[in-house]
Every structure is written in C-alpha cells, then in structure tokens.
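Order of the sequence lines sets the chain letters (A, B, ...), proteins ahead of strands, with each chain counted from 1.
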Amino acid sequence: MLIIDDCIQVSVNFDGHPLFHIRRFHSLLQNRTHLLVLLSNQVVSQNGPKKSRIHCCCPVWKSEHHIRRRGIDLYPLFRYSVRFRPHKNSYSGLESTNMLKRTHNCGQLRLSDVGIQVILSGWVNSYRDHGNLVFIDLRDREGLTQLVFNPEIQKEVHRISRDLRCEWVIAAHGVVRPRGEGLENPKLATGQIEVAIDKIEILNKAKTPPFDIDVFEKVNEELRLTHRYIDLRRPEMQNKLRVRHRVAKIVRDFFDEEGYWEIETPMLGKSTPEGARDFLVPSRLYKGTFYALPQSPQLFKQILMVAGTDKYFQIVRCFRDEDPRADRQAEFTQIDVEMSFVQADDVISVNERLVARIFKEVLDVNLPVPVPRISYKEAMDNYGIDRPDLRFDMKLKDISDIAAACTFKVFTGTIEKGGIVKGLCAPGGGKFSRSDIEKTLTNFIADFGAKGLAWMKVEKGDDGSGLVPKSSISKFFSAEQLEQLVQRFEAKEGDLLLFVADKEATVNKALAPLRVRLGHELGLIRPSQFEFVWVVDFPLFEWNEGEKRYDSLHHPFTAPIPQDIPKLDTDPASICSQAYDMVVNGSEIGGGSVRIHDPAIQAKVFDLLNISRQQAQERFGFFLKALEYGAPPHGGIAFGLDRMVMLLTDTDNIRDVIAFPKTQRGQCLLTEAPSEVDKAQLDELNLRVQKHSHTPSDTQRP
RNA sequence: GGGGCCGUAGCUCAAUUGGUUAGAGCAUCGGACUGUCGAUCCGAAGGUUGAGGGUUCGAGCCCCUUCGGCCUCGCCA
C-alpha cells in the first residue's frame, strides 16, 4: 500500500465510458473518511483527509472497516483503466463536456413515449434492490419515474445502481418501455411506464437526510426549518411553492390585461408610528436616524395616484414587528392595488374578478360573481365578528329580551348593567357531555374574556309533545320563555343552546370563536367548500375608552361615505366608511377602501384621531402636501398573498406557504438570523448595544 | 408581558404512573433475493431521555431553573 500525496490527480474511465468527471468526484468524495485508488489488483493509495485533491472512482466503499473486510478481493469488481498525471492545478473543463443532459422531467413520460431514448435527472427517492433487478424511483419537482437496472442490459451500470442511496443526485439514460401487465403503479402519473437504464452518472452523493422525504408522519417543524432545503423537496411543499407561483403569475397577467402598472415602492422608508411596531434600519450617513421597513405601501400608492399613474399594483413584502400567529408572520406579502377616479363598487368588481380567476385557475372552483355582501353590523349581530365563516349557518341570536324577564340572576344582572345575553344553537350538540360543556367549552370561551357559559339541551317534553330546553338553569325560565327560546333558535331535538351574558363586545368575542369551533366539531363544513363575502359599511371610527379618543377602524386615510361627511362635526361614531373586506371561510384575505382625497376632510379626521396638526405634519406632511396638488378620487385594496395561498392549498400554517419562514420568536432556523454583528459595523452606524440597560442593579449603580 | 401543550435512537412514538439492562416501527449499515413500487427476508449498529440543579435507596417519570418548538390572550391603524 502506497500513500499518494496531494499533488497527484487521477482520472478514471469506466469501461471506456467517461461516466464520471473529475470535479464531480471531488464533491462526491469530500465526505469520505478514506479514499482508495485501485490499479490492477493492488491497492495503490489510501488517504484520509477530507481536503485531499486526489480523485478516484470508488463508489461503493463506505469506510475503512468495509474495505478491510473486503481486502484485495475487491479487485474483480472493478475494471477501471486508471491513469495518473501530475496535478496541474486545473480541472481542464472535463466536468462539463460529457454530462448527461436531461431530455424529459420525471413526471412527463407516458405510454405514448414507449420506445424512445430519454435522459432523466433528479434525486433518488427510493430504491428496491432485488439482487439482480434494481428499481429506482427518480424524483424531480414534476414527479417520480421508475428506473429499472438489469444486469442483462448493462452489467456495470447495474452494479453502480446497487450503491445508489436516497437523495443522491443522478442522471440516467435509457429506453422508455411499458410495464408488464399487472405491474403498473396507479399511484404514479408515470406508472404505466419505466425506463430501462443503460448509462448513469452520479452527479452528487448525499448524506442520509435528517428526516425522510417520503414519510407520512408529521415531522417536527423545528427540524424541517433548520433543514428547509430537505423539507422543500417534499412534493407537498413543492406543490405549495407551485401554487404560490401560479397566483403571482395570474395576478400579474390579470392586472396587466386590465391596464395596471406594477410599480415598486421603497423598502427603506419613513417610520410613521401608527398601528404596528416598525422594524427599524439605522442610517449610516445620518447618524442617529432610522429608516423603517414598510408595514404596507399605503402612502406611496396613494401618492402614485396623485402622480397620475392611475392604475397600480404590486406584489410586495410588508413588515410588522408584532408577535406571529399560525396565520401571521412579521414578514409577509401583499397584493397591493390602487386606482384613480373610482368608487367602492369599481374596486370591488375588479378585485372579485381577480379572486374568481385565481380560484378558477388554481382549484377549478367557480366563485359566484358578484360576491355577496353583508354589512359590518349584520356580521357582528349574526356571527359576532367582522370576518364571518359562512360555510355553515348557526347564527348568533340576541335573547336579551327573554333573559331580562327570567329570574336567572346572572342574566338579569348583566342586562341591568347594560350588557346583553346572546346565544347560539349547536345542531346535534346535545351529544356533548356536561363536562364537555362546563369544562372544555367554558374554558375555551374564558380565553376570550367571557366569565361563563350557560347551556340548555333541547329535548322532548315530558308528555312527549313539544320541545323543551333542559338544564340546571331552566328552572329560572317560565314555560313560555323556554318556548320562546326554542322558537328564536328554531331549535330541534338534540340541539344544544349556549348563552353568554356580558358586555356586547365580550359576548361577541367569545361566541364568534365558539361558533367556529362547534362548526368544525359538529361536521357542518364540507371539505373544499369556499364561501366568499364582502363585508361592507364599516364604521369609520371606534371609540378608544382608554385613550379617550377615536381610532380608525381601517386606517386614517379611509373616506367616509359622502352623506356622512357632515357628521364629522356632530356624530363621528355613527359615520360609515367606504371600506370593504373580502372574507373567505372566516379568514380576511383582503381589505381596502376609497381614500380621502380632500385635504380638509383629512385634517378633520386627524383631529378626531387626536393627531395634532404638528404631529400630522411630522408623520405624514409629505403626503398631505401631495394631496394639495390635485389628488384624484382614488381607492384600492390589499390582499394577503400568504393567506390566499393557505386557502388554496388547504393549509392552516402560514410557514408552509413561505419558502423561508421564521419561527414564532422571529428566528430563521436555517440562517440563524437575527444575529449579533461586529463592533465595527455598529461603530459605523454610531450604535452601541446596551446589554443590561433594564436591570435594576445597573440603574442603581452610582 | 400572560396562559397552555410539547422535547426519549437519525425520524415517528412507547416505557405498566418512582423500580432490574429505556423498547418498537421506519431510516442507517451488512448479507440474501430477477418484477418491485411504503419491496421482502436474515443480521448488526444506534441513547448524556433538550440542558443544569434538587428530592429519593432509586428519576425518562416528582420539584426548581433554563433553552428550544408549537398553539393562544394581549398586540397586529
């Protein structure tokens, strides 16, 4: 055995076929602990270090142990011609000349292709080795194709195929042939055919992946995020990326056809501390000043209207530094739209056609246009929330009138204090046990601030006629009142009535999620059912009791309906805005409004929001100034692209529709962002990190 | 900032409720096998039970601290 030093380069031909290339060997063999070079029947070299420049063809040797066990007996397995030459510090382009270039993808071949020669490239999805016959399922993003290796076709290629492992990257040449009768695989689109391989090229080996790509079990998400490149190989994830691309493509095509321009707006902008927390970026040139990443391009798109661009759209990244949720990331993507000389109906009709096209082209779902509309008040009354899930009925009913007349202190007391009693009828909910209701459901609504949940099961009366709500509180109700309850909810035998008594806001806050939960648990939702609705007629303001001022329900640039403009001076709380939200299955996927284009009205709104003239000038001065130079009437909308893709892919996790998402604590597990930076970087920005600025011991120090 | 769930082999999960040497399936490695397709069969290897401390004769299990992930309330004009 002879140690070969670092300056020998070996090129290997395999039966005269240059199936392997020098540079590829390098990457193939980097992870090896040992390399051996065979010449004749001798082991010529053994070498350990990873960084060796020696290249050789030894595709089956896994370890020193393996080689020792086989010893020199390995020789008959190898028939390489081996040529040495001095290392000239160059790979001389050998790697690119002979690579098998693919002719088809792995989801493409059908019976009609039988007989043709093809080259496929991809990842080894699985291997089934029968000793002589070897089957490889080769995977790329388009699908799987079965490759067959038979020693009778090409002995050496067959031998190499036995060493292939999952996730190795290969290219293979062969002939498409039909599978024998009864051997088709109906699970695969390409299951009618297979490719009999006579040439193969190993483009790269792979470490055993940290989790199986082809596995049905749910893998720990932390692991998936740290190895996102593995996770994204899974067909399910590739489909989500594909759908996301399709949506973006449809959006661009649609708006282009409709005469919209895609215009980019800055990522480094001005902080306007309203709404969510900003992500800040320090300025190097102006010490002590900061850019903010955009929460949305709201002001820029309105300025574009003043600039006469007329019809604008953008698929744009937005940033809000708030805690994430299952359907919320700090960094997310909007389909942002704005148009001039329009009223609310114009914006609505264009955009429902857009959404209809997306759902038609991606899912083949026909969405009825025009999409129905309900008012904010209707939504709050019937569903307790401004984004109602209309896939099932189960409307909330106010029973304050009945409750006021009963003798149940919790109900009457609440009403005396100005609260309400509202409830819902869960069809078939009578099957819930007392513990289901009084523990599980009561705890559930307690999270939303409700103090208790009253219930009644609707059963047949004792005399066998009529329906009577039964429960521990039914004794506080007269027979007539019980009858009224049954009628109000149109309850049937076996239903469950649930009530919450509190301030109206609290009642709605508790009952809305309870309704959705029951809808799921009672199986009231059909799979792949989509119910679209525009929620309209929002109030312009809501009263903020803590701050003693009005807040915008939408944002401060939303226009009131024209006939309510006089109320800005008299009765702001009752003003109706020109805002609209598109809601699908209880999820808000988009929202927008007609904007204020009159500087005088904008000023009045700022007054009501308790934003002083000076504050308004500091924050939005540039924008208010723009409005003074001939702003057209305009309005727009923004859709949440991530949420739309979630709906289209039936996903309840926003991270699954983002290629490189962050965790709930805002970390990227792949890159380990955020990270500390060099002192030099901080110095350049004139920044200093105060590590313990908030600990009492520090502040008390003299 | 608050509440909840979780962390055991590479992965997914067990471990008779504090008791002997922490098990299984899949993956990995070795062997056999010419029609499989989540191949099969035989064999092997694989563990600081997230980390640190405590209680105990004895801790995967109980207590405290801490790290990480997920869900959620607040927050998200």
Side-chain angles (χ1 to χ4, degrees), chain A residues 60 62-63 65-66 69-70 125-137 144-153 158 162 165-167 177 179-188 190-191 194 196 207-227 230 272-278 295-296 298-299 318-330 332 443-450 509-510 513 540-542 544 550-558 579 588 591 593 605 609 611 619-620 640 652-653 655 662-665 667 669:
Chain A
V60 297
K62 301 297 189 287
S63 66
H65 170 73
H66 186 168
R69 267 187 68 172
R70 293 180 158 221
N125 192 65
S126 63
Y127 58 91
R128 296 175 291 281
D129 183 351
H130 288 241
N132 271 316
L133 215 46
V134 175
F135 299 96
I136 300 279
D137 286 343
L144 293 175
T145 300
Q146 175 166 286
L147 312 182
V148 188
F149 297 82
N150 190 327
E152 288 163 15
I153 296 172
H158 170 261
R162 300 197 65 191
R165 289 296 177 268
C166 287
E167 300 313 311
R177 67 186 195 194
R179 298 201 188 181
E181 195 162 328
L183 299 174
E184 304 90 349
N185 185 350
K187 289 186 205 162
L188 297 184
T190 61
E194 63 193 7
K207 293 166 83 170
T208 303
F211 53 91
D212 294 341
I213 285 169
D214 204 17
V215 84
F216 302 98
E217 289 152 333
K218 215 176 143 114
V219 178
N220 183 355
E221 196 173 2
E222 197 177 345
L223 199 69
R224 290 173 50 200
L225 292 175
T226 40
H227 302 271
I230 306 284
T272 54
E274 284 289 317
R277 206 174 287 120
D278 280 326
Q295 296 186 21
S296 81
Q298 183 61 37
L299 295 178
C318 303
F319 305 86
R320 293 177 191 172
D321 189 5
E322 300 292 348
D323 289 357
R325 285 286 185 282
D327 62 349
R328 224 166 68 191
Q329 276 282 278
F332 63 101
N443 286 344
F444 177 74
I445 63 161
D447 284 346
F448 302 95
K509 229 169 169 177
L540 189 61
F541 301 112
E542 59 187 350
N544 182 329
Y550 288 100
D551 282 340
S552 290
L553 203 71
H554 224 72
H555 58 55
F557 316 106
T558 302
E588 185 207 318
S593 61
V605 168
L609 297 174
I611 298 173
R619 293 177 196 172
F620 316 113
D652 53 14
N653 175 351
R655 294 176 298 280
K662 293 180 174 55
T663 68
Q664 190 153 62
R665 299 178 91 178
Q667 270 193 312
L669 297 180

Quiz prompt | Phosphate OP1/OP2 of B:G38 contacted by A:K187 side-chain N/O (<4.0 Å) | solution = yes
Self-check item: Whether A:F135 and A:H130 hold their rings parallel, tilted or perpendicular, with breakpoints at 30° and 60°
Solution: perpendicular
Self-check item: B:C29 phosphate, OP1 or OP2, under 4.0 Å from A:R165 side-chain N/O
Solution: yes
Quiz prompt | Interatomic distance, A:D137 CG vs B:C37 C1' [rounded to whole Å] | solution = 6 Å
Quiz item: Between A:T663 and B:G69, is there a side-chain N or O to OP1/OP2 distance below 4.0 Å?
Solution: yes
Quiz item: Is the closest side-chain heavy-atom distance between A:N132 and A:N150 below 4.5 Å?
Solution: no
Practice problem: Could you tell me whether the side-chain ring of A:H554 sits stacked on the base of B:A77, using a centroid cut-off under 5.5 Å and a plane angle under 30°? | Solution: no
Quiz item: Just how far, in rounded Å, is C1' of B:G3 from CG of A:D323?
Solution: 14 Å
Quiz item: Does A:R320 make a side-chain donor-acceptor contact with the base of B:C76, cut-off 3.5 Å?
Solution: no
Quiz item: Taking atom C1' of B:C37 as reference, at what distance in whole Å does atom CG of A:D129 sit?
Solution: 14 Å
Quiz item: Do we count A:F211 as stacking onto B:C11 if the rule is ring centres under 5.5 Å and planes under 30°?
Solution: no
Self-check item: Separation of the P atoms in B:G60 and B:A15, to the nearest angstrom
Solution: 15 Å
Quiz item: What is the pairing partner of B:G47, taking Watson-Crick or G-U wobble pairs with both distances under 3.5 Å in any strand?
Solution: none
Exercise. State whether A:F211 and A:R224 meet the cation-pi test: NZ (Lys) or CZ (Arg) under 6.0 Å from the six-membered ring centroid, and within 45° of the perpendicular axis.
Key: no
Quiz item: On a whole-Å scale, what distance lies between the P atoms belonging to B:U8 and B:A45?
Solution: 24 Å
Exercise. Kindly point out which of B:U72, B:A27, B:U36 is positioned nearest to the side chain of A:D212?
Key: B:A27
Practice problem: Look at A:R665 together with A:D323 and state whether they make a salt bridge at an N to O cut-off of under 4.0 Å. | Solution: no
Quiz item: Does OP1 or OP2 of B:G74 have a side-chain N or O of A:K509 closer than 4.0 Å?
Solution: yes
Quiz item: Taking the nucleotide of RNA chain B with the closest heavy atom to each, which residue, A:D327 or A:F557, is nearer the 5' end?
Solution: A:D327
Exercise. May I ask which nucleotide in the shown strands pairs with B:G7, Watson-Crick or G-U wobble, both distances under 3.5 Å?
Key: B:C67
Quiz item: Any side-chain N or O of A:N132 under 4.0 Å from OP1/OP2 of B:U34?
Solution: yes
Quiz item: Whole Å only: how far is the NE2 atom of A:H227 from the C1' atom of B:C11?
Solution: 11 Å
Quiz item: Does A:D212 reach the main-chain N or O of A:D214 with its side chain, forming a donor-acceptor pair under 3.5 Å?
Solution: no
Quiz prompt | Under-4.0 Å side-chain N/O to phosphate OP1/OP2 contact, A:R325 with B:C75 | solution = no
Exercise. Please confirm whether any donor atom in the side chain of A:R177 sits under 3.5 Å from an acceptor in the base of B:G35, or the reverse.
Key: yes
Exercise. Tell me yes or no: between the side chains of A:Q146 and A:R128, is some donor less than 3.5 Å from an acceptor?
Key: yes
Quiz item: If the P atom of B:G50 is compared with that of B:G68, how far apart are they to the nearest Å?
Solution: 16 Å
Practice problem: Report yes if a side-chain nitrogen or oxygen of A:Y127 is closer than 4.0 Å to either non-bridging phosphate oxygen (OP1 or OP2) of B:U28; otherwise report no. | Solution: yes
Quiz item: Does any N or O in the side chain of A:Q329 come within less than 3.5 Å of the main-chain N or O of A:R655, such that one atom is a donor and the other an acceptor?
Solution: no
Self-check item: Length of the CZ-P vector between A:R277 and B:A77, whole Å
Solution: 12 Å
Self-check item: Given B:C73, B:G35, B:U34, the nucleotide with the shortest approach to the side chain of A:E152
Solution: B:U34
Quiz item: Looking only at side-chain N and O atoms, does A:Q146 come under 4.0 Å of OP1 or OP2 in B:U36?
Solution: no
Quiz item: Does A:R128 have a side-chain nitrogen or oxygen under 4.0 Å from the phosphate oxygens OP1 or OP2 of B:A39?
Solution: yes
Exercise. Send over the distance from A:E194 CD to B:U34 P, rounded to a whole Å.
Key: 17 Å
Practice problem: Using the closest heavy atom to pick a nucleotide of RNA chain B for each, name whichever of A:N150 or A:L183 lands nearer the 5' end. | Solution: A:N150
Quiz item: Think A:R655 has a side-chain N or O under 4.0 angstrom from the OP1 or OP2 of B:C71?
Solution: yes
Quiz item: Is there a donor N/O on one and an acceptor N/O on the other, under 3.5 Å, for the side chain of A:Q667 and the base of B:G68?
Solution: no
Quiz item: Is there a Watson-Crick or G-U wobble partner for B:C75 with both distances under 3.5 Å, and if so, which one is it?
Solution: none
